[in-house]
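Following: one structure in C-alpha cells, then a few remarks.
All values below come from the heavy atoms of this structure, side chains included, with hydrogens, waters and symmetry mates left out. Chain naming here is simple, since letters A, B, ... match the order of the sequence lines and numbering starts at 1 in each.
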There are 2 protein chains.
Amino acid sequence: MTERPLLPLLHDAPVERADAARNRAALLEAAGRLIGRCGGLERVTMEAVAAEAGVGKGTVFRRFDSREGLMAALLDHSETAWQASVISGPPPLGPGAPPLDRLLAFGRSRIEATLLSADLIRAAGRAGTRSYAAYSFVAMHVRHLLTELEVGGDLPLLATALLAPLEVPVLEQQVRVEGFAVERVYAAWADLVRRVVA
Amino acid sequence: MTERPLLPLLHDAPVERADAARNRAALLEAAGRLIGRCGGLERVTMEAVAAEAGVGKGTVFRRFDSREGLMAALLDHSETAWQASVISGPPPLGPGAPPLDRLLAFGRSRIEATLLSADLIRAAGRAGTRSYAAYSFVAMHVRHLLTELEVGGDLPLLATALLAPLEVPVLEQQVRVEGFAVERVYAAWADLVRRVVA
DNA sequence: ATCTTAAACGGACCGCAGTCCGTTTTCATT
DNA sequence: AATGAAAACGGACTGCGGTCCGTTTAAGAT
C-alpha cells in the first residue's frame, strides 16, 4: 500500500519508522470506517478514531497534527486520483482535446468533485480555499489552458478569478441554499469562461 | 444608540428586555475593547468577554448564540456603514455615476473593506461566504448594475461569479500568501468585469 | 404596591481538540 | 546478540466553546 521509496535519501521526508507507517494507515482506515458508520464526519471525534485504530490519542495528533490535518490526509486520496485524470486521463478532461473543451470539462468535473467531497474539504480547513498544493495544481492547469487559448492579461489572477466560483462555499450557497441545479451552475460558469476567453 | 421601535408589534423581533439590551451593548463594547487590548481576536475567549462586561458566561451565549454570532454582531456595524455608502454615499460608489463606474468602485471598495475586516469576517463563520443578509445585499447590487449595463445571461449566477474572487480566502491567498499588491488584484478584477460586460 | 410570569441571569458542568511527559519501540551500529 | 539514541507511543491533563438549570429580575396586570 504505502510504498517505501527505493532511494529514501532523495526524498526530504526523512523515512518513516515501521510502527509509524502502520499506525498512519490504520488511522486513515479507521477514520474512513467511522465516517461511513456514523452519519457525517462532524460526528466523528479524534478520540473515537484513535480507539477504532487501537492506538492512543496522542498518536493521532503526532501523525496528522490536527483534526484538519487528518481530514486533509483523507481528502488527499480522491484529490490525487482526480488530478491524475486531469493529467493523463481521457479527453476532454485529460490531454488531447482543444484547450477550450478541456477548460469546460475541467469546470464540470471540478464542480462535481467539489460537491461530492464538500464536507471533507470544509473539514480539511483553510476555510474556503483548499490546501496550497491542491490550489497550485488547479491554478497552474487553468493558467496553462488560458495560455494555449492565447488569452491576454494577468493570467495568475485571471485563473484565480475563474477558480473562485468553484470553491465549496460558493457552490454550496448556489446549490444547497438557493437551490440551483448543478447543470445551471455549470452552464453559468461555462458562460463566464467564454466571455473571458473571447 | 439602540433605538426601540415606536410600534414594536410591527417588528417580529419581540422587543428586548431592558437588562438584555444593556448587556448586549456592554458585551459588544467589552469584546471590541478586548480585541484591541490583546493582539488579535483569536486570543479573546468568550469567558474573557463575559468577565470584561461583568456578566456571566451564559449571558454571552444567550445573546449571541455562539462565538461566530458574537463576531458577526461585531462585524455588523462596519458592514452596515459600508452598505450605507453604497446605497446613499457619494458617487462613484454611491448612486449618480454610470453603472460601469459604480461597479468598478464597488469592487475596489469591497476589496479594501474585506481585507480590513478579514479576521472578523473569518471568525464570523460561514467559512468563506459571509452571512446571508450581507451576501444578498452585494449580490442584489451587482445584479442591479449588470442589468443597467444590459448584460445578458444568467444574472444571479454571473453576479456570484464576479463576487467570488472578492471573498476573504481568495483575497488573502493573493495578497498575504502570494504577495500580490492590492492594486494589482483590483486591476485584475476590473479586467474581469470589462470582459464580462463587453 | 403587589402579584404573576416570561424572560434573563450566572456559573457549574460537559465534550472535544490539542498538549505534555514518562515509557516503550524501532533500528542502526558494533 | 547487545546496546544506545532518536523516534513513537499512550493517556492523563488543560483550555475553551457550548449547555443546563436553579435563581433572580423586569415589566405588565390588578
Is there side-chain contact between A/Arg122 and A/Glu172, with at least one heavy-atom pair below 4.5 Å?
-> yes
Between C/dC9 and B/Arg63, is there an OP1 or OP2 to side-chain N/O distance shorter than 4.0 Å?
-> yes
Inspect the contact between B/Arg67 and B/Glu42 and indicate whether a charged nitrogen and a carboxylate oxygen are less than 4.0 angstrom apart.
-> no
Calculate the interatomic distance between A/Asp19 atom CG and D/dA6 atom P; express it in whole Å.
-> 17 Å
A/Arg17 (side chain) and D/dA8 (base): donor-acceptor pair under 3.5 Å = no
Taking N and O atoms by type only, does the side chain of A/Arg67 place a donor or acceptor under 3.5 Å from a partner on the base of C/dA17?
-> no
DNA chain D: A/Thr59 or B/Thr45, which has the more 5' nearest nucleotide?
-> A/Thr59
Which of parallel (below 30°), tilted (30 to 60°) and perpendicular (above 60°) describes A/Phe137 and A/Trp82?
-> perpendicular
Between A/Ala20 and B/Val44, the residue closer to the 5' end of DNA chain D by nearest nucleotide is A/Ala20
Could you give the CG-to-P distance, from B/Leu70 to D/dG17, as a whole number of Å?
-> 10 Å
More than 12 foreign heavy atoms under 6.0 Å from CZ of A/Arg33: is that the case here?
-> yes
Nearest-Å distance, CG (A/Asp65) to P (D/dA8)?
-> 12 Å
